[in-house]
Amino acid sequence: MKSTLRLSRENVVAPVDKRVFGSFIEHLGRAVYGGIYEPSHPSADEEGFRKDVLDLVRELDVPIVRYPGGNFVSGYNWEDGTGPKDQRPRRLELAWKTIETNEVGIDDFQSWAKKAGSEVLMAVNLGTRGPDEARHLVEYCNFPGGTYYSDLRRKNGFEEPFGIKTWCLGNEMDGPWQICAKTADEYGRIACETAKLMKTVDPSIELVACGSSGLMMPTFGEWEKKVLDHCYDYVDYISLHTYYDNYADDIGEFLAKSLDFDTFITSVAAICDSVKAKKHSKKTINLSFDEWNVWYHSNSADAAIKPWQIAPPQLEDVYNFEDALLVGCMLMTLLRHADRVKIACLAQLVNVIAPIMTENGGKAWAQTIFYPFMHASHYGRGLSLVTKVDSPIYTTTSGREIPCLETAAVWNEEAGELTIFAVNKSPETMDLETKLSDFGALLPHQHITMDGYGLKDTNTASDPDHVVPKENGETKVSGNTAVSTLKPYSWNVIRLKK
Ligand code: AHR
């Protein structure tokens, strides 16, 4: 089987915004307690953060982390998580039916994010709360001092403002499951008025309005249009969320889902542009894909979890090799849409549908999906190139025709390095011929692969390195052509250097 890819350094989609390698920590399950924070853990630092987890997060190089939710934020009082820890209230947390101890809050998370080398993408509560608490939170986080909330931050030990640049105006407000869900008109109005106040406190911030919770929502499209009609001038991004499953246990259909992911992006961009045209606006609304992943493995276990526990093991999906292939395809889709997708958050980061898993008091390890994310984050920064692909097609059970090759390419001018990411979605070996028109002489530097694993193979605490990348890929360059062997069902990172 043979496929062809044509690349030119003149044919650029856009520079990749590093924030597309973002992730997400919600007060949910063991993401915070037992995940990033566990003061009794042997690796805990002076603030109670697990250093073994921090090391893995740093390995991923995550430039931005969304916090504190998710569904959680729609019932959250941010003040509960500030000040002396022994005086913070324990609350019933209604989104996930747990008890929230508030041992970690925005101040602590800010410290953690600094240690992780990440900035915070902060969400405000537009469920049970509204514009007033949101403006106070911006004042607390970003105002230098001399006012009630900025001085409260200083009193709590944070002299310097946090300088949080990007904020989410609530979470999934269209979802009936959301605390105080809203209609598009209700949300559009509140988002607009909240945005005005937040930007008055700090005009340098950027805001993300809630788009639909997924392409499957009955109000999809109409929601985006109405919301943007209300708040177009005051926001900068609209959010997209999606999670995929393989309940059907059908690898062809499963790996085809990145095409749905692609359609979701192009559809939302088109809706934003239709509102732009209607409003005669010069401003473009970009996309924040601030929740995306595979999520289904843990659903039945979650149904059995008793309510009102502290940090129960919720949403602990154990990812397998086929999940890593789809996550790789979704990452490549984000790269190919670098012109519109400026922020994206793999949901989530630790324990909760996450690339990093921990045992309470024990090990931390990388799941299968950790690796494609790490590769994209390390080698996917630069100029995303237009990919002209000629690939064999496979037909899915439902009759969809899907290219066997999914690819993205990033040119890093400074490093003189071209990285081609590729997934072979077929059970046969594929020869990939890449025509390199104008890069000068490039040599094979590294061809990383993940292949040869069973589609259901996983990493676990007892076998944490079962599914790992190898450097055994075959790529040869002759003249302006690179020829790579893509093994059946494989993830490939082909690095060519000057
Ligand atoms: O990421 C898990 C949950 O999925 C989030 O809390 C919510 O926003 C989405 O439905």
Side-chain angles (χ1 to χ4, degrees), residues 22-33 35-36 62 64-76 78 93-98 100 104 109 121-128 167-182 187 191 208-220 223 227 237-245 261 264 268 287-303 305 307 311-319 323 327 330 343-357 367 369 373:
S23 189
F24 178 24
I25 288 281
E26 177 168 4
H27 281 252
L28 158 56
R30 297 189 309 119
V32 174
Y33 308 112
I36 62 167
V62 187
I64 191 162
V65 182
R66 187 165 174 252
Y67 177 84
N71 296 339
F72 170 83
V73 80
S74 297
Y76 184 49
W78 63 265
E93 198 292 285
L94 301 188
W96 300 101
K97 297 195 178 66
T98 59
E100 171 57 51
V104 171
F109 191 73
L121 171 58
M122 182 78 90
V124 300
N125 176 354
L126 292 189
T128 58
W167 298 71
C168 299
L169 293 163
N171 176 69
E172 295 189 348
M173 297 309 303
D174 62 330
W177 58 87
Q178 200 65 213
I179 297 174
C180 301
K182 298 191 172 14
Y187 173 70
V208 184
C210 287
S212 297
S213 303
L215 198 53
M216 75 304 174
M217 295 300 287
T219 48
F220 171 73
W223 171 275
V227 166
Y237 307 91
I238 191 148
S239 72
L240 297 83
H241 290 182
T242 211
Y243 296 99
Y244 294 123
D245 68 71
F261 193 61
F264 193 5
V268 176
L287 311 189
S288 172
F289 216 129
D290 46 43
E291 286 188 35
W292 67 271
N293 202 347
V294 172
W295 172 14
Y296 73 109
H297 298 285
S298 60
N299 286 357
S300 49
D302 284 338
I305 291 178
Q314 291 165 309
L315 279 63
E316 299 207 355
D317 274 44
V318 176
Y319 290 112
D323 298 328
V327 163
M330 291 164 89
I343 303 171
C345 303
L346 175 68
Q348 299 190 9
L349 186 54
V350 186
N351 286 332
V352 170
I353 42 174
I356 298 168
M357 290 301 290
Q367 296 230 56
I369 62 169
F373 187 89

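For the single chain, residues carry numbers from 1 onward in sequence order. We count ligands from 1, going down the list as the structure has it; atoms in each ligand are counted the same way.
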Rounded to the nearest 0.5 Å, what's the gap from [atom1] on [X] to [atom2] on [Y]? Could you check?
{"X": "Asn71", "Y": "Gln178", "atom1": "CG", "atom2": "CD", "answer": "4.5 Å"}
{"X": "Ile305", "Y": "Lys97", "atom1": "CD1", "atom2": "NZ", "answer": "12.5 Å"}
{"X": "Tyr67", "Y": "Ser23", "atom1": "OH", "atom2": "OG", "answer": "14.5 Å"}

Distance from [atom] to nearest protein heavy atom, with residue and atom:
{"atom": "atom 6 (O) of ligand 1", "value": "Glu26 OE1, 2.6 Å"}
{"atom": "atom 2 (C) of ligand 1", "value": "Gln348 NE2, 3.5 Å"}
{"atom": "atom 4 (O) of ligand 1", "value": "Glu291 OE1, 3.1 Å"}

Where ligand 1 meets [X] - atom numbers and elements under 4.0 angstrom, heavy-atom basis:
{"X": "Phe24", "value": "1 (O)"}
{"X": "Asn171", "value": "7 (C), 8 (O)"}
{"X": "Tyr243", "value": "1 (O), 2 (C), 4 (O)"}
{"X": "Glu172", "value": "7 (C), 8 (O), 9 (C), 10 (O)"}
{"X": "Gly70", "value": "5 (C), 6 (O), 8 (O)"}

Judging by distance only, is a nitrogen or oxygen of Trp295 under 3.5 angstrom from one on ligand 1?
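For ligand 1, there is no N or O atom that lies under 3.5 Å from one belonging to Trp295.
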Do Trp96 and ligand 1 have an N or O pair less than 3.5 Å apart?
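The answer is no, given that Trp96 and ligand 1 share no N or O pair closer than 3.5 Å.
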Please confirm whether Ile353 approaches ligand 1 to less than 4.0 Å, judged on its heavy atoms.
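Under 4.0 Å: yes for Ile353.
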Could I get the full list of ring pair (Phe, Tyr, Trp, His ring centres under 6.0 Å) partners for Trp167, not counting sequence neighbours?
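Checked Trp167 against ring pair (Phe, Tyr, Trp, His ring centres under 6.0 Å); zero matches.
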Return the minimal non-hydrogen interatomic distance between Ile36 and Val350, and the atom names on each side.
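Shortest heavy-atom separation between Ile36 and Val350 comes out as CG2-CG2, 4.0 Å.
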For Asn171 against Gly70, the heavy-atom pair lying closest together
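The pair with the smallest heavy-atom distance is ND2-C, 3.0 Å.
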Residues Ser213 and Asp174: side-chain donor-acceptor under 3.5 angstrom:
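Yes, Asp174 and Ser213 have a side-chain donor paired with an acceptor closer than 3.5 Å.
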Taking only residues two or more places apart in sequence, or in another chain, which ones meet Glu172 in a salt bridge (charged side-chain N to carboxylate O under 4.0 Å, His left out)?
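For Glu172 there are no salt bridge (charged side-chain N to carboxylate O under 4.0 Å, His left out) partners, ignoring immediate neighbours.
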